[in-house]
Amino acid sequence: AQSVAQPEDQVNVAEGNPLTVKCTYSVSGNPYLFWYVQYPNRGLQFLLKYITGDNLVKGSYGFEAEFNKSQTSFHLKKPSALVSDSALYFCAVRDGSAGNNRKLIWGLGTSLAVNP
Amino acid sequence: GAGVSQSPSNKVTEKGKDVELRCDPISGHTALYWYRQRLGQGLEFLIYFQGNSAPDKSGLPSDRFSAERTGESVSTLTIQRTQQEDSAVYLCASSLEGTRNTEAFFGQGTRLTVV
């Protein structure tokens with residue numbers, strides 16, 4: 001069965017420090033992986049995706065994520081955190097293989113707090 | 001339109017009344033999702049429409065919930081005999097599957113309050 005795990009409910013970092021928000025997944029076919037951000041009282045915004053190609057993908061607001069097939073992970077990273085990055089982050093996966101169930105599967109979210 | 005549009009943005013209803021929520025997906029998007037999100041919580045999957053395939057209704061919490069989609073256009077989520085525990089934000093998302101441009105785009109949601 002397809003699944004996504006975000007092992008940390010909350011991540012706290014100091015402004016200017018690097019941040020990592022973890023995500024691991026399980027799919028039977030080719031993984032298509034996504035990160036979204038939700039600011040308070042706002043809708044979900046797409047940050048970045050991995051479909052194929054380079055394992056390191058860059059997205060909006062200086063975020064990047066690294067696809068690691070052997071560890072089935074897709075951790076979100078940023079070299080230097082900003083207070084304005086404080087938000088709820090969601091990882092999602094779907095099976096990109098033709099003929100398979102393509103429904104998006106979501107993690108439960110990680111609340112990121114960046115302290116000034 | 002350019003994005004996913006949901007209406008109404010806010011809905012207050014009395015317990016026991018029926019409500020209908022609307023979602024206009026991005027034109028041409030074959031997939032459409034409905035989710036429920038309680039304050040500060042994750043996304044609770046409700047239903048998934050993909051083209052002409054039978055919808056995945058596995059997330060609907062009870063038979064009071066139903067959803068329809070006409071072709072690849074508008075979808076409506078109906079909640080009958082609303083209960084206070086139905087209060088939440090209902091999010092709709094659409095995506096174009098089968099291509100690399102496959103990320104889902106979300107509407108701003110409908111905030112439902114049952115009093």
Side-chain angles (χ1 to χ4, degrees), chain A residues 1-10 23 29-54 57 59-60 65 74 86-113, chain B residues 2-7 9-10 21 23-26 29-60 88-111 113:
Chain A
Q2 298 172 114
S3 66
V4 175
Q6 293 182 241
E8 301 155 318
D9 291 336
Q10 179 142 354
C23 173
N30 296 323
Y32 286 6
L33 293 150
F34 308 87
W35 275 103
Y36 285 76
V37 60
Q38 187 176 35
Y39 298 103
N41 299 314
R42 303 278 295 277
L44 273 81
Q45 298 176 36
F46 168 73
L47 272 179
L48 49 78
K49 66 184 176 186
Y50 172 82
I51 303 298
T52 187
D54 289 341
V57 294
S60 306
F74 190 57
S86 299
L88 197 54
Y89 291 82
F90 291 95
C91 180
V93 66
R94 73 172 186 83
D95 191 331
S97 300
N100 290 359
N101 187 335
R102 296 186 174 187
K103 186 173 77 177
L104 272 170
I105 306 298
W106 293 84
L108 296 179
T110 298
S111 178
L112 173 67
Chain B
V4 178
S5 177
Q6 291 187 245
S7 60
S9 55
N10 282 283
L21 312 181
C23 174
D24 283 88
I26 292 173
H29 277 192
T30 53
L32 187 147
Y33 300 80
W34 281 100
Y35 297 95
R36 180 167 68 181
Q37 186 178 33
R38 294 198 165 90
L39 186 64
Q41 301 298 310
L43 299 176
E44 180 184 357
F45 166 74
L46 297 178
I47 190 167
Y48 165 51
F49 295 93
Q50 169 48 15
N52 295 320
S53 302
D56 178 347
K57 301 181 179 182
S58 61
L60 295 178
V89 175
Y90 290 82
L91 293 167
C92 175
S94 70
S95 68
L96 181 62
E97 295 182 357
T99 74
R100 294 174 60 92
N101 298 321
T102 186
E103 59 268 32
F105 293 86
F106 281 80
Q108 290 301 303
T110 294
R111 182 176 301 276
T113 304

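Each chain gets a letter, A, B and so on, in the order its sequence line appears, and its residues count up from 1.
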Trainee: Examine distances only and state if a side-chain atom of B:Tyr33 and a backbone atom of A:Leu104 form a donor-acceptor pair shorter than 3.5 Å.
Mentor: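 Yes.
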Trainee: With a 4.5 Å heavy-atom cut-off (strictly below), which parts of residues 37-47 of chain B touch chain A? List them by number.
Mentor: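 Checking residues 37-47 of chain B against chain A gives B:Gln37, B:Gly40, B:Gln41, B:Gly42, B:Leu43, B:Phe45.
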Trainee: Please enumerate all residues that pass ring pair (Phe, Tyr, Trp, His ring centres under 6.0 Å) together with B:Tyr90, with sequence neighbours excluded.
Mentor: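 Partners of B:Tyr90 under the ring pair (Phe, Tyr, Trp, His ring centres under 6.0 Å) test: none.
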Trainee: Under a 3.5 Å cutoff, is there a donor and acceptor pairing between the side chains of A:Thr110 and A:Glu8?
Mentor: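 Distance-only check fails for A:Thr110 and A:Glu8.
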Trainee: Is B:Thr30 close to chain A through its backbone or its side chain, or both, or neither, when contacts mean heavy atoms under 4.5 Å?
Mentor: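 For B:Thr30, neither part sits under 4.5 Å from chain A.
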Trainee: Between A:Leu44 and B:Tyr35, is there a side-chain heavy-atom distance shorter than 4.5 Å?
Mentor: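 With C-beta onward as the side chain, the pair stays apart.
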Trainee: If you take all heavy atoms of B:Gly109 and B:Val89, which pair is closest and at what distance?
Mentor: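 So the two residues come closest at CA-CG1, 4.1 Å.
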Trainee: By a 4.5 Å heavy-atom criterion (distance strictly below it), what part of B:Ala31 contacts chain A: side chain, backbone, both, or neither?
Mentor: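 The answer is neither part of B:Ala31.
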Trainee: What is the distance from atom CD1 of A:Ile105 to atom CZ of A:Phe34, rounded to the nearest 0.5 Å?
Mentor: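 Those atoms lie 12.0 Å apart.
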Trainee: Tell me, side chain or backbone of A:Gln38 under 4.5 Å from chain B's heavy atoms, or both, or neither?
Mentor: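 Just its side chain gets close to chain B.
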Trainee: Going by the angle between their ring planes, with limits at 30° and 60°, are A:Tyr89 and A:Trp35 parallel, tilted or perpendicular?
Mentor: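 Geometry flag for A:Trp35 against A:Tyr89: perpendicular rings.
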